[in-house]
Amino acid sequence: MTEQRESPGEPEVPAPRGGRVTLREDVRAAWLDAGLGVLVTAGVFALLYARIRSGASDTVSVMPFMKDAGTFWMYFLSQAFGWSALLWAWGTVILGLLLSGPGVRRTPRSQRALERLHRTTSLSTIALITAHALLFAAELVRDKAELGWASRFWEAFWETFVPGGYTSGTGQIAIPVGQAALYLAVPLGLLFYVRHRIGPRTWRVLHRFVIAVYVLSVWHTLLYGTNVWYDGWPRTTLWLLQLPIAALFLLRLARPLRRTEQLTLPAPHRRGPRRLAGWSVRWGLTVAVAATAAVLCAVVLTGHDGGRERPAAEPTATP
Ligand code: HEM
């Protein structure tokens, strides 16, 4: 069976031998990069843990009560999963933009390999985000020792997974932003496996919104990550890493794989209201992404990364 691509002018990409790709196959194929994700998480955890022990951690500077690394290990492991999740999200967005933009010249075989890597890294990203959130919930369960078990689990679930359930400080915004990223990532990522039911066109339109998941993830991290809390190179690097995404996004808009998505005005006999609306949206997006790229350059060049000012002395109380 060959994959049905309905837009004219698209290269025909043969489906994998054996027919339609299933979620089960991709989950099996994702073990390798999910395993790599766990290894990266372990490395980040070791680094964060060592920094807590040495007193160099910014997390402890923000929350001095966390200096006992042994007690709060689940919190630090949650942070580590957050970083690997963000890295995997970054990678899979890059792959997606390469696939839908001009990319490099590809053979059908390398195209299939790239598509498969995009799908497996997306599945790994969902797993890593879930682990990040679950470990945060586990830390809350541990922390609420004064309550009975049922209340501990209920409150941890409420604060972690229900928008508005977490009511402390910046978390009132940052946690719902993270939740929105997780709750959008799951359907937008998994709809691919039911696209034969909803129709490839509907799937493609919905899948485009997946970029919002990435934007929300970065926003959540900049708002709430205590390791990028203060201004300085870790936070500036996080901004810098968004430049390749913005550049590829611009390239994807300027030179899309599908002829029907070009920025040039459709030919007069094709200028129906739907085509014109699509064309205006593409131009609006192009201007917005170009403006974002300019802001990213300004942040990186000036070092004004929106971080808090580092306190001169170690704080004595929890901010
Ligand atoms: C239910 C959804 C989520 C919850 C409850 C949650 C919770 C948290 C919390 C409490 C923090 C603060 C940790 C700190 O002190 O630094 C945090 C930071 C972070 N989160 Fe999330 N998050 C969610 C979704 C996401 C998503 C979707 C991503 C990215 C794909 C992500 C990536 C990160 C990163 C990279 C950090 C910074 C960790 C650090 O500073 O070391 N989170 N998250």
Side-chain angles (χ1 to χ4, degrees), residues 1-40 84-129 184-196 200-215 217 241-262 285 289:
M1 195 202 290
T2 39
E3 189 122 49
Q4 292 301 306
R5 300 255 191 161
E6 73 274 43
S7 310
E10 282 179 29
E12 175 111 343
V13 180
R17 246 180 278 160
R20 189 187 293 143
V21 179
T22 64
L23 177 59
R24 183 189 294 224
E25 275 166 13
D26 275 353
V27 167
R28 261 195 234 128
W31 276 113
L32 194 65
D33 72 64
L36 192 64
V38 171
L39 277 181
V40 168
S84 52
L86 194 61
L87 183 62
W88 254 249
W90 184 85
T92 200
V93 167
I94 297 249
L95 288 171
L97 290 172
L98 282 176
L99 281 164
S100 57
V104 280
R105 249 186 123 68
R106 291 183 292 260
T107 60
R109 181 186 273 256
S110 67
Q111 167 89 6
R112 272 209 305 271
L114 216 59
E115 283 184 2
R116 193 162 100 141
L117 190 60
H118 175 53
R119 295 197 308 270
T120 57
T121 46
S122 298
L123 291 176
S124 304
T125 305
I126 295 174
L128 292 166
I129 300 174
L184 279 175
V186 176
L188 293 179
L190 301 186
L191 274 179
F192 172 79
Y193 302 99
V194 291
R195 74 195 187 293
H196 54 286
R201 191 185 187 87
T202 310
W203 169 73
R204 229 177 40 218
V205 170
L206 288 175
H207 189 66
R208 273 179 205 153
F209 288 94
V210 90
I211 193 74
V213 172
Y214 182 74
V215 173
S217 301
L241 283 173
Q242 311 319 319
L243 259 178
I245 302 258
L248 276 177
F249 200 168
L250 272 181
L251 205 63
R252 186 249 178 268
L253 288 162
R255 292 176 52 204
L257 181 71
R258 292 178 192 84
R259 234 187 284 154
T260 49
E261 293 176 0
Q262 278 171 353
L285 257 179
V289 180

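Looking at T92, its side chain never comes within 3.5 Å of a backbone N or O of A89 through a donor-acceptor pair. Looking only at distances, a side-chain donor or acceptor of H207 sits under 3.5 Å from a matching main-chain atom of L188. Put simply, the side chain of R195 gets close to the backbone of F192: a donor and an acceptor are under 3.5 Å apart.
Between V289 and A246, the shortest heavy-atom distance links the atoms CG1-O, 3.6 Å. Nearest heavy atom pair, residue L23 against residue L123, reads CD1-CD2, 4.0 Å. Y214 and L86 make their closest contact through CE1-O, 4.4 Å (heavy atoms, listed as atom of the first residue, atom of the second, distance). When every heavy atom of L191 is checked against every heavy atom of W203, the shortest pair comes out as C-CD1, 3.6 Å. A pairwise comparison of heavy atoms in T125 and A85 identifies CG2-O, 3.8 Å as the closest pair. L117 approaches T121 most closely through the heavy-atom pair O-OG1, 2.6 Å.
Residues L99 and L257 fail the side-chain proximity criterion, which asks for heavy atoms closer than 4.5 Å. Looking at heavy atoms from C-beta onward, P244 lies in side-chain contact with W90 at the 4.5 angstrom threshold. Between V210 and L184, the closest side-chain pair of non-hydrogen atoms is not below 4.5 Å.
Between the CD atom in E115 and the CG atom in L98 there is a gap of 12.0 Å [rounded to 0.5 Å]. With values rounded to the nearest 0.5 angstrom, E25 atom CD is found 9.5 Å from Y193 atom OH. Considering CH2 of W88 and CD1 of I126, their distance stands at 15.0 Å, rounded to 0.5 Å. To the nearest 0.5 Å, atoms CD1 (I211) and CG (L97) are separated by 5.5 Å. The line from CZ of R119 to CG of L114 is 11.0 Å long, rounded to the nearest 0.5 Å. Within the model, atoms CG of L250 and CD1 of I245 stand 12.0 Å from one another, a figure rounded to the nearest 0.5 Å.
Within 6.0 Å of atom CG in L32, 12 or fewer heavy atoms from other residues, nucleotides or ligands are found, so the atom counts as exposed in its surroundings.
Residues meeting the salt bridge (Lys or Arg N to Asp or Glu O under 4.0 Å) test with R208, sequence neighbours left out: E261.
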